[in-house]
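Inspection log for the structure reproduced underneath, given as structure tokens.
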Amino acid sequence: MRIALWILGVAAILISTGFVYQCIGSYRDRRRYAGAGRWVTIEPGCRLYLFEQGLGAPTVLFEAGIGATNLNWRHIQQKVSHFAGTASYDRCGLGFSSPCRTARTPANIAVELHNLLARAEIKPPYILVGHSFGGLVMRRYALLYPGEVSGLVLVDPMRCEEWPPLDPSKQGQLDLGKRLIRYAQPIALCGVTRLAVTSLFHRPKKISGDLAGATIPGGRHVLSRITSEVGKMAPEVWPVVAAHWSRPGFYSGMRSHIASIPDTVREMHDADPIQNIPVLVLTPGKSVPLTEFCLSRIGDNVQQIIAAASEHWIHLDEPDLVVGSIQTMAAAVTPPSIAAAV
């Protein structure tokens with residue numbers, strides 16, 4: 001009995017210590033890393049984190065993939081800011097933004113983005129740039145607010161036909177993701193995730209792999225896939241990525257995004273084509289190109305560019321191609337008088 005009580009006491013001390021470690025770490029992360037941008041209140045109790053660079057019209061807006069933040073665009077945004085005003089942000093539930101209050105479907109997110117731009121006083125017209133899930137958000141934005149949009153650059157946009165309910169075979173992947181997140185959230189509250197993520201970025205990778213494998217079923221496999229992509233990002237953003245992954249709220253936000261995929265597919269599969277707005281679609285060379293029929297369902301003026309050396313994360317594999325595509329779009333939609341003034 002004494003041994004059991006001793007074990008429970010030690011466990012309680014460890015959990016309490018981990019919780020304090022997590023709270024202090026989260027506070028320090030916000031003070032250390034959030035100063036580059038600003039928070040914009042879009043409704044009472046809900047703030048979105050916004051990062052801006054550059055000047056000029058039209059403004060280029062970036063929307064990240066399903067679990068990513070503005071950091072995913074940082075290297076692209078810095079280059080684009082040399083010839084245009086730019087803005088990226090963290091969706092509700094991710095990064096430094098408030099927790100999400102609605103389902104993470106493109107329509108809900110597009111409305112939040114519209115409110116953000118209005119309250120931040122970032123005036124249209126916009127060039128919308130979206131990766132993967134973010135491509136669907138930008139398509140929906142263009143359909144809801146066509147008068148504000150000059151053009152779109154979609155970087156390997158999510159294909160609805162590849163996900164439930166249109167492809168039920170992928171339901172297992174979604175269920176696995178939600179199970180992993182169910183484990184990760186309480187672990188993050190106790191500071192273990194922060195310890196694992198810190199070791200991932202600052203210590204030998206074997207340590208973080210051991211921690212991930214010990215705490216989350218299937219953790220090593222997920223970790224290897226994630227780190228292969230994060231490794232392509234600029235090293236200066238790694239500590240901020242680590243800060244995001246250390247937060248329990250990150251996993252809650254991720255779970256909301258994953259849970260909304262079927263509703264996202266239902267919403268966008270039957271979406272109207274974008275009318276009278278030019279669209280560039282970048283498709284990885286290692287994927288099957290979109291057919292003319294698929295392109296016509298996106299819009300009535302769509303051009304496909306094959307990124308021959310890329311997989312899904314084209315903006316990390318071939319950043320110059322993405323920057324060049326945005327610059328081409330900006331030149332095509334900017335009136336000569338405005339271009340001369342800039």
Side-chain angles (χ1 to χ4, degrees), residues 36-42 47-65 68-92 94-97 106 109-155 157 274-282 299 301 315 319-342:
R38 59 177 171 136
W39 281 280
V40 178
T41 300
I42 63 170
R47 302 191 303 169
L48 296 182
Y49 181 76
L50 176 68
F51 178 76
E52 301 157 281
Q53 277 188 310
L55 297 171
T59 299
V60 179
L61 302 178
F62 295 93
E63 185 78 47
T69 66
N70 80 90
L71 298 173
N72 209 246
W73 290 111
R74 189 61 59 89
H75 63 308
I76 298 289
Q77 186 172 356
Q78 193 274 331
K79 291 183 177 182
V80 173
S81 69
H82 292 160
F83 59 84
T86 69
S88 60
Y89 77 110
D90 297 340
R91 289 190 297 272
C92 284
L94 299 174
F96 290 123
S97 291
I109 295 169
V111 170
E112 292 170 356
L113 175 57
H114 186 257
N115 291 339
L116 167 67
L117 296 171
R119 284 159 176 74
E121 298 185 346
I122 300 175
K123 306 297 184 182
Y126 311 121
I127 293 176
L128 308 180
V129 182
H131 171 240
S132 192
F133 173 80
L136 298 186
V137 174
M138 291 314 205
R139 281 180 57 193
R140 177 54 69 188
Y141 192 101
L143 291 169
L144 289 174
Y145 313 104
E148 299 181 359
V149 180
S150 293
L152 293 89
V153 178
L154 306 180
V155 182
I274 297 167
Q275 302 292 323
N276 304 316
I277 301 174
V279 181
L280 289 178
V281 176
L282 276 59
N301 182 10
H315 54 303
D320 289 341
L321 175 63
V322 176
V323 173
S325 299
I326 296 170
Q327 191 164 23
T328 297
M329 179 63 73
V333 302
T334 304
S337 59
I338 295 179
V342 174

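Sequential numbering from 1 along the given sequence is applied to the chain's residues. In this text, all values refer to a predicted model and were calculated from it rather than measured experimentally.
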Strictly distance-based, threshold 3.5 Å: is any side-chain N or O of [X] a donor or acceptor partner for the main-chain N or O of [Y]?
X    : Y    : result
T334 : A331 : no
R91  : A64  : yes
T69  : L71  : yes

**Request:** Not counting sequence neighbours, list each pair that qualifies as a side-chain hydrogen bond (donor to acceptor under 3.5 Å, both in side chains) and has a residue in residues 138-154.
**Result:** H114-E148, R140-E267, Y141-E148
Any [X] side-chain heavy atom under 4.5 Å of [Y] side chain:
X    : Y    : answer
L154 : L280 : no
I277 : N301 : no
L48  : C92  : yes
L128 : F62  : no
P125 : V333 : no
R47  : V40  : no
I127 : L152 : no
Y89  : N70  : no

Between [atom1] of [X] and [atom2] of [Y], what distance do you get to the nearest 0.5 Å?
X    : Y    : atom1 : atom2 : value
L321 : I326 : CG    : CD1   : 10.0 Å
R119 : I42  : CZ    : CD1   : 7.5 Å
I76  : R74  : CD1   : CZ    : 12.5 Å
K123 : E121 : NZ    : CD    : 5.5 Å
I122 : T59  : CD1   : OG1   : 6.5 Å
L116 : I109 : CG    : CD1   : 13.0 Å

**Request:** Indicate the ring-plane relationship of H131 and W73, choosing parallel, tilted or perpendicular according to the 30° and 60° boundaries.
**Result:** perpendicular
**Request:** Please confirm whether R38 makes a cation-pi placement over Y49, using NZ or CZ under 6.0 Å from the six-membered ring centre and within 45° of the ring normal.
**Result:** no
**Request:** List the steps, then state whether side-chain contact (heavy atoms from CB on, under 4.5 Å) holds for S132 with V155.
**Result:** CA-CA 6 Å; S132 192; V155 182; over 6 Å; no
Please report the closest heavy-atom contact between [X] and [Y], naming both atoms and the distance.
X    : Y    : value
Q53  : Q78  : OE1-CA, 3.3 Å
A330 : F83  : CB-CE1, 4.5 Å
L50  : A120 : CD2-CB, 3.7 Å

**Message:** Between T86 and Q77, does the side chain to side chain donor-acceptor pair (under 3.5 Å) criterion hold? Intermediate values first, please.
**Reply:** CA-CA 7 Å; T86 69; Q77 186 172 356; 3.0 Å; yes
**Request:** Take V129 and L61 through the side-chain contact (heavy atoms from CB on, under 4.5 Å) test and state the conclusion after the steps.
**Result:** CA-CA 6 Å; V129 182; L61 302 178; over 6 Å; no
**Prompt:** Going through the checks in order, is the side-chain contact (heavy atoms from CB on, under 4.5 Å) test met by V153 and V281?
**Reply:** CA-CA 6 Å; V153 178; V281 176; over 6 Å; no
**Message:** side-chain contact (heavy atoms from CB on, under 4.5 Å), that's the test. Do V279 and M329 meet it? Break it down for me.
**Reply:** CA-CA 8 Å; V279 181; M329 179 63 73; 5.8 Å; no
